[in-house]
2 protein chains.
Amino acid sequence: MKLRKHYTCPLELAHDLIKGKWKTIIIFQLRHGKRSFSELMREIKGITQKMLLEHLRELREVGLIDKKSYPGYPLKVDYFLTPRGEKMLEAVNILQDIGISYLTEQEFSGFAVEKRTED
Amino acid sequence: MKLRKHYTCPLELAHDLIKGKWKTIIIFQLRHGKRSFSELMREIKGITQKMLLEHLRELREVGLIDKKSYPGYPLKVDYFLTPRGEKMLEAVNILQDIGISYLTEQEFSGFAVEKRTED
DNA sequence: CCGTATCCGATCCGATACTG
DNA sequence: CAGTATCGGATCGGATACGG
């Protein structure tokens, strides 16, 4: 996700910052501080190596996260939120709350599982 | 954007709610109350009729907005945020602030225009 | 004024294999 | 452990035309 040259609207830019299936989840996982690549792989269910690396790189390119590499073997890299990322975390936390409310409340858990009557 | 049957993570669901190029912008445009379809078309630069209708329908299906149709000609329909939409607006407002900060600050306005030296 | 349908290129994302 | 490359199906979104 390269940012475009021009944006006519701040929200278009901001939405591009978190575009992609995993970006908000990555930001949320970094809420308590740094995480290595392998920790993120373990904590984020269902993500592939390719997707995680790609989204990490993009988040870095737009300045929401940064990383620190430690020399030597085994390789070790820590990813962490920048101040901009911390600000984005505020929005992500709200999204998290909204997601929980949808998963919790009857009205939409019924809808979210498409009237499953079995199990 | 139909919601899936199951989500392993609230953020995956929440991100789906605002997935798509225009959803956050539509929510933001409804921040001060109801808007007719044609008002939204006028206010949201660059959007096509198809995209606006499609995103309005999807936002409605997931319960972030609702609409009220008035009988008679010319047709008139008002769209407005539901309580869930108002909650989502809190996140969108933060995104808006972040977008503004990116467009404003030197570091990223330079980056956002990809080192353009002409014009 | 509001809503639907279709076509088609662009992008996204998962699987998989390979490198330092 | 961390990162790169490629391929192919699925989805997204713009243009355009048509309908109530």
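Every chain is numbered from 1 and lettered A, B, ... according to where its sequence line falls, protein lines coming before strand lines. Keep in mind that this is a model prediction, so the values were computed, not measured.
- Here the P atom of nucleotide C:dC12 and the NE2 atom of B:H15 are 12 Å apart, to the nearest Å.
- At C:dG3, one or more side-chain N or O atoms of B:K67 fall inside 4.0 Å of OP1 or OP2 (strictly under the cut-off).
- Between A:D16 atom CG and C:dA10 atom P the separation is 18 Å, expressed in whole Å.
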(request) Report, as a single string ordered 5' to 3', how protein heavy atoms within less than 4.0 Å touch nucleotides 13-20 of chain D: B base, S sugar-phosphate only, - not at all. (result) BBBB---B
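- For A:R4 and A:Y7, the positive end sits near the middle of the six-membered ring, less than 6.0 Å away and at most 45° from its axis.
- Phosphate contact (OP1/OP2 of C:dC1, side-chain N/O of B:Y79, threshold under 4.0 Å): absent.
- Heavy atoms of other residues, nucleotides or ligands lying less than 6.0 angstrom from NZ of B:K34 number 12 at most.
- Hydrophobic clustering places B:M41 together with B:I26 (ILVMFWY residues linked when any side-chain heavy atoms are closer than 4.5 Å, directly or through intermediates).
- Counting to the nearest Å, the P atom of C:dA15 and the CG atom of A:L52 are 14 Å from each other.
- Using a 4.0 Å cut-off on heavy atoms, the residues of residues 26-44 of chain A that approach DNA chain D are A:S36, A:F37, A:S38, listed by number.
- Ion pairing between A:E54 and A:K21 fails under the 4.0 Å rule for side-chain N and carboxylate O.
- Taking atom NZ of A:K68 as the reference point, atom P of D:dA2 lies 14 Å away to the nearest angstrom.
- Taking atom CZ of B:R4 as the reference point, atom C1' of C:dC13 lies 13 Å away to the nearest angstrom.
- Here B:Y70 sits alone; no ILVMFWY side chain lies under 4.5 Å from its own, so it joins no hydrophobic cluster.
- Hydrophobic cluster membership differs between A:L56 and A:L75, with clusters built from Ile, Leu, Val, Met, Phe, Trp and Tyr side chains linked at under 4.5 angstrom.
- Formation of a donor-acceptor pair under 3.5 Å by the A:E43 side chain with backbone atoms of A:L40 is not found in this model.
- With rounding to whole Å, A:I65 atom CD1 is found 13 Å from D:dA2 atom P.
- Here D:dC1 presents its P atom at 14 Å from CG of A:D78, a figure rounded to the nearest Å.
- Looking only at distances, a side-chain donor or acceptor of B:Y102 sits under 3.5 Å from a matching main-chain atom of A:V62.
- There is a side-chain donor-acceptor pair under 3.5 Å between A:E12 and A:T8.
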